[in-house]
Every structure is written in structure tokens, then in C-alpha cells.
Amino acid sequence: MTDLTPRSGPEPRPGSRSGRRKWLPIVVIAGVLVAGGVIVTQFLRSAVDYYCNVDEVGDRSGCDTNRRLRVQGVVELGTVVSSGGDTDFVIAFNGASFAVHYDGEPGGIFKECIPVVVHGRFDVASNTFMGDRVEVKHSDEYVSVNDARLSEADALADSCETGTT
Amino acid sequence: MTAATTPTTAPVEPALRVRSSGTMATRTLGIATIVTMGWLVAFGLGFSPADRDQRDAVRILYMHVPTAWLAYLAFVVTAVSSAMYLFGKKHSLGFDRVAGASAEIGVVFMALTLVTGMLWGKLTWGVYWQWDARLTTTALLFVSYIGYLAVRGLGGTHDQRAKRSAVIGLLAVIEIPLVHFSVRMWRSLHQEASVLDSDGDVDMDGLMLFSLFVGVVAFTLLYVWLLLHRSRVIAMEDLLDDQGLDRALDQRRAEFL
């Protein structure tokens with residue numbers, strides 16, 4: 001009867017191809033665990049900045065004016081003023097509004113009548129939200145530029161609605 | 001025990017003589033995929049209009065949305081195949097190979113979703129990344145399936161590989177509803193669905209919607225084509241492993257003669 005029990009071969013030399021292949025899945029799994037931890041940590045850290053609508057600031061629990069917030073609202077028509085690398089505008093939502101001072105020039109498709117999310121703190125003395133990051137929030141509507149030109153006035157009026165949700 | 005003591009040359013398995021994973025059906029499917037991809041380029045970059053707000057950045061969505069949907073589908077196929085392996089009477093390794101192949105393709109599609117989403121985000125939101133609910137859960141889903149693939153590569157027998165990865169495949173798929181509904185469960189920078197949303201409305205221009213449809217068809221054909229080829233290649237790799245073991249056993253038997 002032939003002995004067919006597994007025979008232990010020589011250990012792969014460090015740095016050899018077979019050695020690397022053996023450790024690669026373990027290294028990847030460790031990397032996955034670290035990446036998962038970083039993702040969850042970053043999400044939780046980001047969630048510390050409460051996400052509030054303009055009308056909820058100072059009103060809803062968690063949207064206190066003495067803490068860092070993310071505020072969502074629509075940029076009001078005719079309020080955007082850029083000077084010296086800073087940008088001032090007014091955001092509104094559900095009938096409420098306040099001024100925003102942003103230390104920079106917003107990127108993306110920032111313009112009047114578009115929803116934005118501003119990160120920062122509320123300055124009660126000047127009744128102004130001091131933003132350090134502005135993100136443009138695109139709606140779930142996709143309108144052809146040609147259709148928009150045909151009814152530009154209507155489109156502008158629609159896009160400048162300050163929302164109720 | 002003649003078979004155990006007589007050295008034999010292991011017969012070459014018919015499948016190992018095959019030099020290609022292609023058949024007439026996959027070649028036809030491949031041609032259909034190329035043609036549909038051509039349509040996608042024509043509609044996505046040519047015929048479809050620019051968006052009122054996003055302008056030409058909207059064209060990124062014809063790749064971003066289909067790759068996201070197909071990644072979901074790929075991970076669901078992985079879960080179903082894993083269940084078929086685990087709970088089937090025969091524990092057929094064919095299901096495990098389909099599960100592994102589908103997860104690999106899903107990871108590639110999910111990576112494309114993340115990259116195209118970041119490019120679109122920079123052009124539209126003004127930032128590449130934001131730790132909001134949709135983006136974070138998508139990143140977590142992507143990393144989970146990289147982990148799934150790493151576990152498949154841990155070694156052992158084909159059945160050991162199939163069992164441990166099937167359990168992970170069934171657990172990881174639970175993340176998909178979390179990703180999809182994250183924009184409704186939490187306030188998110190990411191917009192809600194424009195197609196297949198909860199109220200059944202389609203908030204999209206007709207030609208844009210058609211371009212998106214062409215994108216879904218093109219990437220679905222690509223997914224099926226890749227799945228067929230990759231699962232066949234995994235079957236060939238398994239056969240090579242098995243034959244390598246047979247050869248090693250034959251060599252050991254020969255030493256005793």
C-alpha cells in the first residue's frame with residue numbers, strides 16, 4: 001500500500017512568488033477590515049455635523065446654533081455677491097431664510113435658485129451662517145437644456161422653489 | 001489494490017483540451033455587446049441633450065447608473081448561487097464558480113460606479129467625495145466584496161472555498177437594500193432615484209431616459225458575456241488544480257515501484 005499522506009515540502013523562501021501568493025489574501029482581508037473601520041468612522045464623524053434644513057436651525061433638536069451644522073437650502077435669486085475670494089448669499093427653505101458667508105468660491109454647478117448644503121457654524125451676533133464648505137445638491141429631475149430654453153421663465157421659477165420637504 | 005500501485009498517466013480531461021472559453025453563443029453575445037456599446041457611445045455622447053443644470057456632466061450618468069445597477073445584480077447572483085450551493089442536494093461547485101465570477105464582475109462594476117460618481121460629484125456638487133449615507137454605504141459594499149474575493153483566495157479544497165465564501169456571499173448581499181434606500185433613510189447629498197422611484201414617476205427627459213436604457217442593455221450584455229467566460233475559466237483553473245494533484249499522487253506511487 002503506497003503511503004499517500006501529505007508530505008511537508010520545503011517552506012517557501014521569503015519574497016518568493018509562492019510565499020507572496022500565500023500571504024496576499026490575508027493581507028487583503030486585513031486591508032478590507034481596516035478600510036471598513038475607516039469608512040464607518042468617517043461616516044460617524046461626519047454624522048456629528050447635524051444635517052438641518054434652514055427652517056430647522058435653532059428650532060429642531062440637534063440643530064442648535066451653538067454647534068457645527070450642515071444646512072440645506074436653496075440659494076435665493078439675486079443674493080449672490082462675490083468679493084475678494086469670499087462669497088455671500090442667502091439660503092431659504094420652507095419659508096425661512098438667513099445669510100451665508102462662505103470663505104471661498106463654491107464649485108460645481110453653484111448658482112442662484114439651486115439647492116446647496118453648507119457646512120459651518122451659525123454666528124448669532126451677525127445672524128449669518130459662516131460656511132467653510134459648500135456642496136451643490138442636484139435634484140432627481142433631469143431636464144434637457146433645449147426644453148429649458150423653451151420655457152426658461154417657468155424653469156427658473158420651478159428651480160427657485162424653496163421646498164417643503 | 002492495482003490502481004494504487006500501478007503508475008498511470010492521468011488522462012487529460014476533455015475540458016482541459018479546450019484552449020478557449022468561447023463558444024458560438026458567447027461570440028454572438030460579444031458582438032451584440034460591442035454593437036450596443038457603440039449605440040451607448042452614440043446616444044450618450046451624441047444624440048442625448050445636455051442637462052439644464054449639469055450640462056454635459058449628465059452624460060456620466062449613462063455609465064454610472066447602469067454599472068451601479070449591474071453591480072447590485074451581480075451581487076444578487078452571487079448570493080443566489082451561494083444559496084444554491086449551500087442548500088442544494090448536490091452541493092455543485094458550478095454554483096460556486098458562478099458566485100465567484102459574478103462577485104469579481106460586480107466589484108469591477110462597483111469600482112466604475114464609484115469612479116464615475118466621484119467625477120460627476122466634482123462637476124456637479126463641487127467635491128469628489130462626501131461621507132454621506134449613499135456614498136459611505138456604497139464604499140462599504142465595495143470593500144465587503146473585495147473581502148469576499150480575498151476569502152475565496154485563502155486556499156484549501158474547492159469545497160472549503162465554496163462553503164466559506166457562500167456564507168459571506170449570503171451575508172454581504174444584505175447591504176444592497178441599505179445602499180439603495182440610504183437616500184430615503186438619511187438626509188443625503190446624493191439625489192433620490194429618478195427612475196423606479198417610490199411614486200412611479202420618471203423625472204427624466206425622453207432622450208436621456210432612452211440613453212440610460214441603452215446603457216443598461218449594453219452593460220447587461222457585457223455582464224452576461226463576462227460571467228460566462230469567467231465562470232468557465234474558473235472551472236478550467238479548478239480542473240488544472242485537480243489534475244496537478246492527480247499528477248503528484250502518481251509521482252508518489254511511482255516512487256514506491
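Naming: A, B, ... by sequence-line order, numbering from 1 per chain. Every heavy atom of this structure was used, including side-chain atoms; hydrogens, water molecules and symmetry mates were not.
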Is there a side-chain contact between [X] and [Y] in this structure, where contact means two heavy atoms from C-beta onward sitting under 4.5 Å apart?
X        : Y        : result
A:Ile39  : B:Trp131 : yes
B:Val127 : A:Arg133 : yes
A:Ile109 : B:Arg55  : no

Item checked: Backbone of A:Val143 reached by a side-chain donor or acceptor of B:Asp51 within 3.5 Å -> yes
Check: Side chain, backbone, both or neither: which part of A:Val27 has an atom under 4.5 Å from a heavy atom of chain B?
Finding: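 For A:Val27, there is no contact with chain B at all, as no heavy atom is under 4.5 Å.
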Let me know if [X] has heavy atoms under 4.5 Å from chain A in its side chain, its backbone, both or neither.
X        : value
B:Leu61  : side chain
B:Leu123 : backbone
B:Trp120 : side chain
B:Val143 : both
B:Met208 : side chain

Check: Can you tell me how far CG of B:Leu189 sits from CD of A:Glu135, rounded to the nearest 0.5 angstrom?
Finding: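 That separation rounds to 5.0 Å.
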Which atom of [X] lies closest to which atom of [Y], heavy atoms considered:
X        : Y        : result
A:Pro25  : B:Gly153 : CG-O, 3.0 Å
B:Gly147 : A:Val32  : N-CG2, 3.6 Å
B:His190 : A:Lys137 : O-NZ, 4.1 Å

Check: With respect to chain A, which residue among B:Ile146, B:Thr137, B:Leu135, B:Leu140 yields the maximal number of heavy-atom pairs within a distance under 4.5 Å?
Finding: B:Leu140
Next item on the list: Heavy atoms only, distances under 4.5 angstrom: which of A:Val134, A:Ile29, A:Ile26, A:Val117 has the most pairs with chain B? Name it, please.
Entry: A:Ile29
Next item on the list: Using a cut-off of 6.0 Å, state whether more than 12 heavy atoms not belonging to B:Trp39 lie near its atom CH2.
Entry: no
Notebook entry, point to check: Should we count CZ of B:Phe213 as having more than 12 external heavy atoms under 6.0 Å?
Noted result: no
